[in-house]
Structure formats: C-alpha cells, structure tokens
Amino acid sequence: MGWSRVPELPEVETLRRQLEKEYLGKRIKSAQLKSRKYVKVAKPGKKKAVKTDASPKQMNDALAGGKVKAVSRRGKYLIFELDNGWWFVVHLGMSGHIVKATPKRPPDKHTHVVLQFTQGNDLRYFDARRFGECFVVQAEQGDEVLGHVGLDAINQPIPWQMLGELVAERNSKLKALLMDQEFISGLGNIYSDEVLYLAGLPWDRPSGSLTSNETRRLSRAVGEVMTEAIKHRGTTLEDGGWRDLYDEVGEHQEHLAVYGREGEPCRRCRTPIRKVRISNRSHYFCPQCQA
DNA sequence: ACGCCCGCCTGTAAGC
DNA sequence: TGCTTACAGGCGGGCG
C-alpha cells in the first residue's frame, strides 16, 4: 500500500479540539517562516480570493503578539482567530501535519512554519508534498476569503428536506456531490465512500433521482459517519499517515465499512467489497448493499 | 452545469 | 542491487 494521509473533517476536528485545549488564550511570541513561498497573504478578490506570497516579516508582523481567541474550523480549513485582528488559516491538504513541538522532538523534514508562544510549547507545521495551504488574512475579510467553503457537514447540518431540494437542483453523481466542498464541506475520498455505504447508495446515482427516503438516509449517514470518526480521533491507514497534535494515530480505521477493504467481506452481507477507479481516485463499495 | 483530466508534490513499493 | 514506474489524492484550472 502506498503513502497516504488524508485529513478530512474528522481529522481536522480532532486537531481543532486538541489545539483549542492547548493554545486557547496563549499569546504568539514569534512566527517563523521556514520555507519560501508557502505562507500567503489573502485578500478578497473580484471572483475569488487573491493570495500572494508572504515574506517572513509580513507573516511575523501579522501573527506575533496576537493571542489565540478561538480555534475554529470550516470544512477542512483550520482557523486560528487572534485578538489582534488577524486569522491564521491552515489547510492540511494531503500531507500537512501540525504537532505540539516538545523540546525533545527532533526537527521534522519539510517544516514550513514554527509558532512560538510566550508560554508553553511551539507549534510546528510541516507538509512534505506541499498540497496544503497556509495563509494570513484580516479577520473582517476572512468570511469572504473562505466564501467558497460550503455548509459544514457537522457545524451546520442541513435538514434533510432542504438537502433534498439542494440535491435535486444539482443533479450530479452522488460521490462527486459529497466531495464537492462548495456543496457540503468536510468530506473527502474515505468518508464519502463510508457515507454512501451507510446510506446504501451507489456512487453514480444522479442526485436528482433520490426519493425522500433515500435523502433522509444520506443526510443521516453524513452525521453518523462524521460523529463516529471524530469519536475515534480520525482514520490512520496501515501505512501510518494521519497523526494528531500529540503524534498519535486515530482508531477509526478499525471501524471502516468499505474504504481499503477490497476483497474483504461486507460487514452486513458478506459479499466481497469491490474497488473501482472513478475519475482517477479509488472508490470502495459493496455491490450488494449499494445496488 | 457537469464530467473528466491534468499538474502540483514526495515517499513508498512493486516490477524489471 | 539499483533504476524506473505507478500510486496515493485535495484542489484549482481548463476543456469538451
């Protein structure tokens, strides 16, 4: 099995809760930019946000002296809201990783940002594959810059009747719809497969064809999968991708119904789980339960 | 409007 | 043993 660490909503929420516990009320002493062209400064643009490279000084000027007023989350975006009018926003992409850096911890390869606090341990952000994203934005512009992020799958659960209207309007294939961050934010490849399995629906059903019963099942499945995965502090696959703030693995991999279980029996009907390539990504499903 | 592909990026593992 | 290749996939952009 290849390399993968896939932070989706449950992993980001796990991190958010831990960050809140450790850093709420702490003041940033300095913000060090360790690699060029990683952190951006964001401003609202005409259609979408404009992001330009931040210099080490720009980043430090924005963050140093700010006290962490809140650690929030929108979909897969993590937001450090500071009391000096700035936000520090992080998207972990595929391989982004935030750890509480105890003095013992050896330097991590591909470290991009180190935050030092006036008390307590540092925060380190590293991202080997650079699919992630960090930017600073002024708080009053934050909503607009993150305007493309759709309703959060758990912070703003959509009543199923409303979901029914929305999916009927859109009429795209279910898997694509669940992964569309402008529609519902927070689901990626792993959890969209888990949601479809729990709802008993195939990946290519046109969303407009759902009955009200199926819409209800889909809506319930989103909530249930997210809640369970958060309870287990996220999914760490065999190759050991996802780690939390304390460098610990999650436990939800033990509870996955379909993802990564090709050839293994369906937990419900014993039919072997199948894997197919859909638009260049893996999709796992039970051919019996999701007919 | 929607589906689908590409490029970005690095570390694994399989294949020759 | 060492090289090449495929694969992992979030996301924005482009094209049909």
Side-chain angles (χ1 to χ4, degrees), chain A residues 1-13 15 34-40 42 44-53 73-78 89-98 108-112 125-135 145-150 152-153 165-196 202-210 234-243 253 256 258-262 275-284:
Chain A
M1 218 175 168
W3 158 286
S4 74
R5 69 176 60 162
V6 190
E8 303 179 31
L9 188 152
E11 290 76 27
V12 180
E13 176 63 16
L15 200 47
K34 298 288 190 183
S35 63
R36 292 161 63 82
K37 297 196 173 194
Y38 197 87
V39 175
K40 310 273 179 187
K46 285 216 174 95
K47 275 192 76 176
K48 53 184 256 350
V50 179
K51 291 167 185 159
T52 50
D53 293 334
R73 183 188 57 72
R74 297 193 192 185
K76 303 177 197 170
Y77 286 89
L78 198 56
V89 181
V90 176
H91 189 299
L92 299 171
M94 290 296 300
S95 55
H97 203 159
I98 292 179
D108 302 279
K109 228 178 159 184
H110 308 295
T111 297
H112 303 304
Y125 174 83
F126 52 100
D127 177 14
R129 291 163 71 182
R130 302 179 68 99
F131 278 22
E133 178 184 23
C134 285
F135 60 86
V145 165
L146 291 175
H148 63 289
V149 183
D152 188 274
E165 289 167 25
L166 291 173
V167 299
E169 274 171 32
R170 283 293 297 268
N171 204 30
S172 59
K173 294 176 179 178
L174 285 184
K175 168 102 173 161
L177 189 66
L178 288 175
M179 290 188 57
D180 181 346
Q181 303 301 301
E182 293 186 38
F183 185 69
I184 300 180
S185 61
L187 299 184
N189 204 39
I190 294 178
Y191 295 114
S192 61
D193 281 4
E194 296 293 303
V195 165
L196 288 172
W203 69 275
D204 59 348
R205 265 290 289 283
S207 62
S209 75
L210 293 186
T235 300
T236 306
L237 298 174
E238 283 173 22
D239 48 12
W242 153 252
R243 301 289 175 117
Q253 59 280 7
L256 291 174
V258 286
Y259 193 89
R261 298 191 66 240
E262 185 184 17
K275 175 187 182 179
V276 288
R277 288 295 283 176
I278 306 296
S279 339
N280 254 348
R281 48 176 55 91
S282 307
H283 168 59
Y284 296 86

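Lettering of chains follows the sequences in order, A, B, ..., and the numbering in each one begins at 1.
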Give a yes/no answer on whether the side chain of Arg277(A) brings an N or O atom under 4.0 Å of OP1 or OP2 in dA8(C).
-> yes

Look at Arg73(A) together with Glu13(A) and state whether they make a salt bridge at an N to O cut-off of under 4.0 Å.
-> yes

Contact under 4.0 Å: Ser282(A) side-chain N or O vs dA8(C) OP1/OP2 = yes

Give a yes/no on whether any side-chain N or O of Arg281(A) is located under 4.0 angstrom from OP1 or OP2 of dG10(C).
-> yes

Glu133(A) CD to dC11(C) C1', straight-line distance once rounded to whole Å | 9 Å

Nearest to side-chain heavy atoms of Met94(A), which nucleotide of dG10(C), dG11(B), dC4(B) = dG10(C)

May I ask you to check whether Phe126(A) and His110(A) place their ring centers less than 6.0 Å from one another?
-> no

Tell me: CD of Glu8(A) to P of dA8(C), nearest whole Å?
-> 15 Å

Among side-chain atoms of Tyr191(A) and Thr235(A), is any donor-acceptor pair under 3.5 angstrom?
-> yes

In whole angstroms, the gap separating P of dG10(C) from CG of Leu178(A) amounts to 13 Å

Just by modelled atom types, is the Gly150(A) backbone N or O under 3.5 Å from a matching donor or acceptor in the Gln181(A) side chain?
-> no

Atom CG of Asn189(A) and atom P of dG10(C) are separated, to the nearest Å, by 5 Å

Assign each of Asn280(A) and Ser172(A) to its nearest nucleotide of DNA chain B by heavy atoms, then name whichever residue's nucleotide is nearer the 5' end.
-> Ser172(A)

Would you please confirm or rule out a distance under 4.0 Å between OP1 or OP2 of dG3(B) and any side-chain N or O of Lys175(A)?
-> no

May I have the distance from Lys47(A) (atom NZ) to dG12(C) (atom P), rounded to whole angstrom?
-> 13 Å

Proximal nucleotide (of dG10(C), dA8(C), dC4(B)) relative to the Lys76(A) side chain | dG10(C)

Between the base of dC9(B) and the side chain of Arg130(A), is there a donor-acceptor distance below 3.5 Å?
-> no

Taking atom P of dC8(B) as reference, at what distance in whole Å does atom NE2 of His112(A) sit?
-> 17 Å

Verify the contact: side-chain N or O of His110(A) to OP1 or OP2 of dT10(B), cut-off strictly under 4.0 Å; return yes or no.
-> no

Which part of the nucleic acid, if any, lies within reach of Gln181(A) when heavy atoms closer than 4.0 Å are counted: base, sugar-phosphate only, or nothing?
-> sugar-phosphate

Quick one: is dG13(C) close enough that its OP1 or OP2 comes under 4.0 Å of any side-chain N or O from Lys48(A)?
-> yes

Could you tell me whether a side-chain N or O of Gln253(A) sits under 3.5 Å from a main-chain N or O of Leu237(A), the two making a donor and an acceptor?
-> no

Using a cut-off of 4.0 Å on non-hydrogen atoms, how would the nucleic acid contact of Lys37(A) be classed: base, sugar-phosphate, or nothing?
-> nothing

To the nearest Å, give me how far apart CD (Glu182(A)) and C1' (dG3(B)) are.
-> 15 Å

Would you mind reading off the distance between Tyr77(A) atom OH and dC11(C) atom C1', rounded to a whole angstrom?
-> 8 Å

